[in-house]
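These numbers come from the heavy atoms of this one structure, side chains and all, not from hydrogens, waters or symmetry mates.
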Protein chains: 2
Amino acid sequence: MSDNSLDLATQAVDLEIIVDRARDGQKLQLRLWLRMLSITKMISQEIRRRLRIEFQATLPQFDILAQLYRERDGLRLGELSRRTMVTNGNITGLADRLEADGLIVREILDGDRRVTVAKLTKQGRETFAEMASAHEGWLRELMSDVDQDTLALVLSQLATVKNSASRSLVESED
Amino acid sequence: MSDNSLDLATQAVDLEIIVDRARDGQKLQLRLWLRMLSITKMISQEIRRRLRIEFQATLPQFDILAQLYRERDGLRLGELSRRTMVTNGNITGLADRLEADGLIVREILDGDRRVTVAKLTKQGRETFAEMASAHEGWLRELMSDVDQDTLALVLSQLATVKNSASRSLVESED
DNA sequence: GCAAAAAAGTTTAGGGTTCAAGCGTCTGCG
DNA sequence: CGCAGACGCTTGAACCCTAAACTTTTTTGC
């Protein structure tokens, strides 16, 4: 179990925990991680496939449209990057393609010419509305064997996981 | 399911469903999906970052090494593709780079010259062992605020989600 | 005021991802 | 036998992704 042993005094204590854990059948963090990874890979491949076939769009594009859909006034590219967890440089190319497809427009903000704001066009709003509805249906379909109670439970437990990871990431920034 | 409402007769019916679900505070499937997506994105960005900094490796490369590590005799590229959920074409490039780095070797199978088998080199085994140990530690760190019972519970509930998605995918292949 | 620092986007280089098309290599069946 | 189709892998085109360097514009500190 790879105890990154630092100090002999705490070792004795830690060993008990380790033994208990070993008894339980192990590496729960690793197993949970691998399971989440395989599920999201499986589902997002399918979502990607359907978006491509039915809407000639990609998942990151859908993601950006979703953010803009609920912000009538548009969002600056940096904010878009933060919300979608996509790096800044990547936003540029995505916005280029969405703009070329006529789904969004880019406008330079008066008062600060460094800032670019992206917003949906009329066509962008209409197209996204269709996509979102289909997307929701696909998910209901993919999770149709899971009852509502379980869904709600997993949802809340995953909040714990998310908070743990968030905190860990913030704290390791020192 | 996919109610791309085509027909006015069914519309009225669908509306009731929508209203009921809205009352519950709904779209659990969608919310669960978005949560899983953001967690895996967050964690895998961090794992990627550390793999790059500490081992000059990428996550898919790590994934391939992991599969080969537990198969002393190596795996054919097609099998590798299936297990890692990476498309065939992609395996080629990944194997090219891993081979160039001296971590794996490719051998043509006697008896069927279409088949290529990849296996770890000595250096590959050693490097992977270090990576795996670090990787496991990172996950324990990222999930350190989640207690063991919760981990075990989420793990088992996610199995339900995974099975649902698997079944749904297989059945829609007709 | 003005140079230095910071902020917002873009560009670049190196991977990764998919799908579809291509090329050898087997194999089943007529 | 022989060859049509299946199989296993590689290639190519288009997109996504990241980090790091670079531009342009604005702010900050004297």
Side-chain angles (χ1 to χ4, degrees), chain A residues 37 40-65 74-101 103-104 106-118, chain B residues 37 40-65 74-101 103-104 106-118:
Chain A
L37 210 49
T40 52
K41 213 161 180 175
M42 188 165 64
I43 295 183
S44 63
Q45 275 173 353
E46 182 65 10
I47 302 279
R48 254 191 265 276
R49 199 177 66 81
R50 297 192 189 186
L51 279 175
R52 181 175 44 78
I53 292 173
E54 299 192 18
F55 299 100
Q56 292 77 52
T58 66
L59 193 47
Q61 286 170 8
F62 175 76
D63 212 11
I64 287 185
L65 296 179
L75 286 170
R76 29 175 79 191
L77 298 190
E79 179 61 14
L80 214 40
S81 162
R82 209 186 52 71
R83 293 199 194 186
T84 56
M85 292 196 261
V86 158
T87 53
N88 237 308
N90 203 3
I91 292 286
T92 300
L94 284 164
D96 287 347
R97 281 179 284 271
L98 288 170
E99 194 165 29
D101 289 347
L103 301 181
I104 70 169
R106 263 191 280 214
E107 291 170 4
I108 289 166
L109 192 73
D110 317 0
D112 190 341
R113 278 179 305 188
R114 289 172 304 182
V115 176
T116 308
V117 171
Chain B
L37 210 49
T40 52
K41 214 161 178 176
M42 187 166 65
I43 295 183
S44 62
Q45 275 173 353
E46 181 65 9
I47 301 278
R48 254 191 265 276
R49 199 176 67 80
R50 297 191 188 188
L51 279 176
R52 182 175 45 79
I53 293 173
E54 299 193 16
F55 299 100
Q56 293 78 51
T58 67
L59 193 47
Q61 285 171 8
F62 176 75
D63 212 12
I64 289 185
L65 295 180
L75 286 170
R76 29 175 78 194
L77 299 189
E79 179 62 14
L80 214 39
S81 163
R82 208 185 54 68
R83 293 199 194 185
T84 55
M85 293 196 260
V86 158
T87 52
N88 238 309
N90 202 3
I91 291 288
T92 299
L94 285 164
D96 286 348
R97 282 178 284 272
L98 288 170
E99 195 165 27
D101 289 347
L103 302 180
I104 70 169
R106 265 191 278 216
E107 290 169 7
I108 290 164
L109 193 71
D110 316 0
D112 190 340
R113 277 178 306 186
R114 290 172 303 182
V115 176
T116 307
V117 171

Exercise. Does A/Ile108 CD1 have over 12 foreign heavy atoms under 6.0 Å away?
Worked result: no

Problem set entry | Heavy-atom closest contact (A/Met85 atom, B/Gln45 atom, distance) | O-NE2, 3.1 Å

For this session: Just call it for A/Asn88: base, sugar-phosphate, or nothing, with non-hydrogen atoms closer than 4.0 Å on any strand.
Result: base

Seminar exercise, completed: The nucleotide from D/dC16, D/dT18, C/dG9 with an atom nearest the side chain of A/Pro60 is D/dC16

Exercise. B/Gly89 near the nucleic acid: base, sugar-phosphate alone, or nothing, with a heavy-atom cut-off under 4.0 Å?
Worked result: base

Problem set entry | Heavy-atom check, side chain of B/Glu79 versus side chain of B/Ile91, under 4.5 Å | no

Problem set entry | Rounded distance in Å - CG (B/Asp96) to C1' (D/dT10) | 9 Å

Exercise. Among the nucleotides D/dC17, C/dG9, C/dA8, which one has an atom lying closest to any side-chain atom of A/Arg114?
Worked result: C/dA8

Problem set entry | B/Arg106 side chain near D/dT10 phosphate (N/O to OP1/OP2, under 4.0 Å) | yes

For this session: Round to a whole Å and report the spacing from CD of B/Glu79 to P of D/dC7.
Result: 15 Å

Problem set entry | Proximity to the side chain of B/Thr92 - top-ranked nucleotide from D/dT10, C/dG16, C/dC26 | D/dT10

For this session: Please check the phosphate of D/dC16 (OP1 and OP2 only) for any side-chain N or O of A/Asn90 closer than 4.0 Å.
Result: no

For this session: Please check the phosphate of D/dC16 (OP1 and OP2 only) for any side-chain N or O of A/Gln61 closer than 4.0 Å.
Result: yes

Exercise. Counting any heavy atom closer than 4.0 Å, what does A/Gln56 reach on the DNA or RNA strands: base, sugar-phosphate only, or nothing?
Worked result: nothing

Exercise. Roughly, in whole Å, what's the span from CZ in A/Arg76 to C1' in C/dG9?
Worked result: 12 Å

For this session: Tell me whether the OP1 or OP2 atom of C/dG16 has a side-chain N or O from B/Thr58 closer than 4.0 Å.
Result: yes

Exercise. Of B/Gly93 and B/Arg113, whose closest DNA chain C nucleotide lies nearer the 5' terminus?
Worked result: B/Gly93

Exercise. Roughly how many Å is it from CD1 in A/Ile91 to C1' in D/dC17, rounded to a whole number?
Worked result: 11 Å

Seminar exercise, completed: Smallest heavy-atom separation, A/Ser81 atom then A/Asn88 atom, equals OG-N, 3.6 Å

Exercise. Reckon A/Thr87 touches a base, only the sugar-phosphate, or nothing at all at heavy-atom distances under 4.0 Å?
Worked result: base

Exercise. Which nucleotide in the set C/dG9, C/dG16, D/dC17 lies at the smallest distance from any side-chain heavy atom of A/Leu94?
Worked result: D/dC17

Seminar exercise, completed: A/Asp110 atom CG is separated from D/dT25 atom P, nearest whole Å, by 15 Å

Problem set entry | Among D/dT10, D/dC16, C/dG9, the nucleotide that comes nearest once only the side chain of A/Val115 is considered | C/dG9

For this session: Compare side-chain N and O positions of A/Arg52 against OP1 and OP2 of C/dT18 and report whether any pair is under 4.0 Å apart.
Result: no

Exercise. Mind checking whether B/Asp63 and B/Leu59 have side chains closer than 4.5 Å, heavy atoms only?
Worked result: no

Exercise. What's the shortest heavy-atom distance between B/Leu37 and A/Thr40, and which atoms?
Worked result: N-CG2, 4.4 Å

Exercise. Roughly how many Å is it from CD in A/Glu99 to P in C/dG9, rounded to a whole number?
Worked result: 13 Å

Problem set entry | From D/dT10, D/dT26, C/dT18, nucleotide with atom closest to B/Val86 side chain | C/dT18

Problem set entry | Protein-nucleotide distance (B/Ile64, atom CD1; C/dG16, atom C1'), rounded to Å | 11 Å

For this session: Answer with base, sugar-phosphate or nothing: what part of the nucleic acid does A/Leu59 contact at a heavy-atom distance below 4.0 Å?
Result: nothing

Exercise. CZ of A/Arg97 versus P of C/dT10: gap in Å, rounded?
Worked result: 13 Å

